[in-house]
Amino acid sequence: ETGVTQSPTHLIKTRGQQVTLRCSSQSGHNTVSWYQQALGQGPQFIFQYYREEENGRGNFPPRFSGLQFPNYSSELNVNALELDDSALYLCASSSKQGASANEKLFFGSGTQLSVL
Amino acid sequence: GESVGLHLPTLSVQEGDNSIINCAYSNSASDYFIWYKQESGKGPQFIIDIRSNMDKRQGQRVTVLLNKTVKHLSLQIAATQPGDSAVYFCAENRSGGYNKLIFGAGTRLAVHP
């Protein structure tokens, strides 16, 4: 186990609704990244948070937003849900040391979101 | 949980054989590479990593080979066991910024007794 915990494990929403997913990072890690994994594909980078600020973003629209809290835990918010948002949402934590970014990511088990 | 990688390429091996999973990466500027294992209903689990200043790195039963000339990465698993059955992803990163991993499409490894 990585020590990265996510909640809830499963969620069902309808199109147009909003959702908040939560993640607690591994002890000692100060950086949280969120990934979306569609069925049959590799994870796709959504964004990363470091020192409570967004520190990089993938090709996702603004309705995907996030927060990082002083204890390094994080939330992913998705507004105006679409059917294609159905996926496994993965949180990963890592320890960023200064300018170095090449640290291995430790993933949680994910939240399976189904949009009907 | 739902299965991952329902339509992925599959490598079938006999228990005890060696497995080789291949990956082509896209960015010649990438300088850090990781292999992850993902079992059904779980998140990706770190296996081994390698930096671009190396061409080989060994772990416990696993070896990663990096060929920067042809942008190719491979994962070798010795004495494959049923517990190795999973989907395997390679991922690349480029230093100088945030830790954004680009994942490959994945390969399903099926180990038969």
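Reminder, nothing fancy here: chain letters follow the sequence lines and each chain counts from 1.
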Leu88(A) and Lys42(B): CA distance, side-chain angles, deciding distance, side chain to side chain contact (heavy atoms under 4.5 Å, CB included) verdict: CA-CA 10 Å; Leu88(A) 181 68; Lys42(B) 297 184 179 181; over 6 Å; no
Verdict with reasoning, Gln41(A) to Phe89(B), per side chain to side chain contact (heavy atoms under 4.5 Å, CB included): CA-CA 10 Å; Gln41(A) 298 181 20; Phe89(B) 292 99; over 6 Å; no
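Counting only heavy atoms from C-beta outward, the side chains of Arg57(A) and Lys100(B) never approach each other to under 4.5 Å.
Using a 4.5 Å cut-off between heavy atoms, Leu101(B) touches chain A through backbone and side chain atoms alike. The contact between Tyr35(A) and chain B is made entirely by side chain atoms (from C-beta outward), counting heavy-atom distances below 4.5 Å.
Surrounding CG of Asn71(A) are more than 12 heavy atoms belonging to other residues, nucleotides or ligands, all under 6.0 Å away. Enclosure of atom CZ in Arg51(A) is not indicated, since only 12 or fewer non-hydrogen atoms of other residues, nucleotides or ligands lie within 6.0 angstrom. Around atom CZ of Arg63(A), more than 12 heavy atoms belonging to other residues, nucleotides or ligands sit under 6.0 Å away. The 12-atom threshold is not exceeded at CD of Gln60(B), counting heavy atoms of other residues, nucleotides or ligands nearer than 6.0 Å.
Panel note: side chain Tyr36(B), backbone Phe107(A); no donor-acceptor pair is recorded below 3.5 Å.
Considering all non-hydrogen atoms of both residues, Leu90(A) and Pro44(B) come closest at CD1-CD, 3.7 Å.
Tracing side-chain contacts under 4.5 Å through hydrophobic residues (I, L, V, M, F, W, Y), one never reaches Tyr72(A) starting from Leu67(A); they form parts of separate clusters. No single ILVMFWY cluster, assembled from side-chain heavy atoms under 4.5 Å apart, contains both Ile102(B) and Tyr89(A). When hydrophobic clusters are built by joining Ile, Leu, Val, Met, Phe, Trp and Tyr residues whose side-chain heavy atoms come closer than 4.5 Å, directly or via intermediates, Leu83(A) is grouped together with Val78(A).
Between atom CG of residue Asp49(B) and atom CG of residue Leu105(A) there is a gap of 10.5 Å, rounded to the nearest 0.5 Å. The distance from the CD1 atom of Ile48(B) to the NZ atom of Lys104(A) is 10.0 Å, given to the nearest 0.5 Å.
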